[in-house]
Amino acid sequence: MADEERDAERPADRARPPAGRDHLRVLDPEREPAAIKALTHPLRVRLLGLLRMDGPATASELAARTGESSASTSYHLRVLAKYAFVAEAEHRDGRERRWRAVHAVTTWDHAAMEASPVGREFTGKMARRQIDHLGESLGWYEAARAAGCMGREWLEPSGITDLLPMLTPESLSELKQTFEDKLEELTARDAGEARAEKVVVFFAGLPVVGRVEGDAENRPAEGADGADRAVDADRVAEADEAGAGPRRVRGYTHD
């Protein structure tokens with residue numbers, strides 16, 4: 001397909017947001033605990049994610065995508081608007097308001113969230129939602145491959161990597177920082193590229209601390225490489241306190 005044809009088929013609503021940090025919503029548990037608590041609702045998180053993924057939509061359109069009633073999605077969209085996660089978009093007609101995501105990404109400081117009860121609840125729920133999103137994304141990816149909808153140029157660079165390197169806290173921080181900086185650079189570079197598509201990118205750096213071989217109670221489901229993993233939160237926190245603080249330790253979510 002020619003680049004001109006591909007651009008013509010891409011709806012204007014799905015235009016890529018400009019690169020840069022202006023499109024980050026940085027959550028502060030001290031200044032906005034009510035906004036953070038509002039975002040812990042699973043349907044609100046899902047609605048925000050759909051608006052960021054697919055562009056502006058009405059409450060009725062989102063109801064059809066989520067299996068909820070339009071009254072429910074309308075209510076939760078108004079709550080998201082109250083805390084400036086979404087805003088009214090340009091209307092196609094006067095019958096029903098359309099909503100758009102205000103920011104492309106939500107981000108936060110781990111230390112600040114850990115010090116707040118509402119922050120800890122939020123990050124725990126976000127982590128589970130991100131795992132759900134990974135599963136959904138893998139399903140889309142496999143379906144596209146099976147249907148032959150994915151160009152061959154995407155096959156080699158795409159996929160999931162599961163590794164267990166030995167790293168110090170400082171090295172893991174450096175890896176995270178390098179990843180964030182490089183992603184920012186490439187996103188800016190490809191902002192005007194007609195061949196660019198949305199790519200679901202995950203980064204996880206989870207120290208295997210407190211894992212006990214044969215401890216059935218703390219053993220989660222096996223990972224892609226067959227290795228079971230358990231993390232003791234208290235010992236992770238102690239290790240974090242003992243190590244040097246990174247330049248930027250944040251959580252991110254597209255939802």
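What you are looking at is a predicted structure, and each value in this text was computed from that prediction instead of being measured.
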If you draw a 6.0 Å radius around CZ in Arg120, do more than 12 non-hydrogen atoms from other residues or ligands fall strictly inside?
yes
Are there over 12 heavy-atom neighbours, none belonging to Tyr75, within less than 6.0 Å of that residue's OH?
no
Judged by atom type as modelled, is there a donor-acceptor pair below 3.5 Å linking the side chain of [X] to the main-chain atoms of [Y]?
X: Ser171; Y: Leu167; answer: no
X: Arg44; Y: Ala38; answer: yes
X: Arg52; Y: His103; answer: yes
X: Lys37; Y: Val118; answer: no
X: Arg98; Y: Ala89; answer: no
X: Arg25; Y: Ala84; answer: yes
X: Ser70; Y: Ser60; answer: no

Point-to-point distance, once rounded to the nearest 0.5 Å, from [atom1] of [X] to [atom2] of [Y]:
X: Leu77; Y: Leu48; atom1: CG; atom2: CG; answer: 9.5 Å
X: Arg78; Y: Trp99; atom1: CZ; atom2: CH2; answer: 7.5 Å
X: Ile36; Y: Glu32; atom1: CD1; atom2: CD; answer: 5.5 Å
X: Glu96; Y: Ser74; atom1: CD; atom2: OG; answer: 7.5 Å

Report yes if the side chains of [X] and [Y] come closer than 4.5 Å at any heavy-atom pair, otherwise no.
X: Met113; Y: Leu27; result: yes
X: Phe202; Y: Ile160; result: no
X: Trp154; Y: Val199; result: yes
X: Leu80; Y: Leu39; result: yes
X: Arg46; Y: Leu62; result: no
X: Leu50; Y: Thr66; result: yes
X: Glu136; Y: His133; result: yes

Whether His76 and His41 hold their rings parallel, tilted or perpendicular, with breakpoints at 30° and 60°:
tilted
Evaluate the ring planes of Trp108 and Phe122, with Trp represented by its six-membered ring, and classify them as parallel (under 30°), tilted (30 to 60°) or perpendicular (over 60°).
perpendicular
Taking salt bridge (charged side-chain N to carboxylate O under 4.0 Å, His left out) as the test, write out the residues that go with Lys82, two or more places apart.
none
Apply side-chain contact (heavy atoms from CB on, under 4.5 Å) to Leu47 and Val86, showing your working.
CA-CA 10 Å; Leu47 293 175; Val86 306; over 6 Å; no
Ionic contact status for Glu185 with Lys182, cut-off 4.0 Å:
yes
Restricting to side chain to side chain contact (heavy atoms under 4.5 Å, CB included), what partner residues turn up for Asp132, sequence neighbours left out?
Arg129
Could you go through Arg65 and Thr73, starting from their C-alpha distance and side-chain angles, then the distance that decides it, and tell me whether this counts as side-chain hydrogen bond (donor to acceptor under 3.5 Å, both in side chains)?
CA-CA 10 Å; Arg65 295 178 203 173; Thr73 55; over 6 Å; no
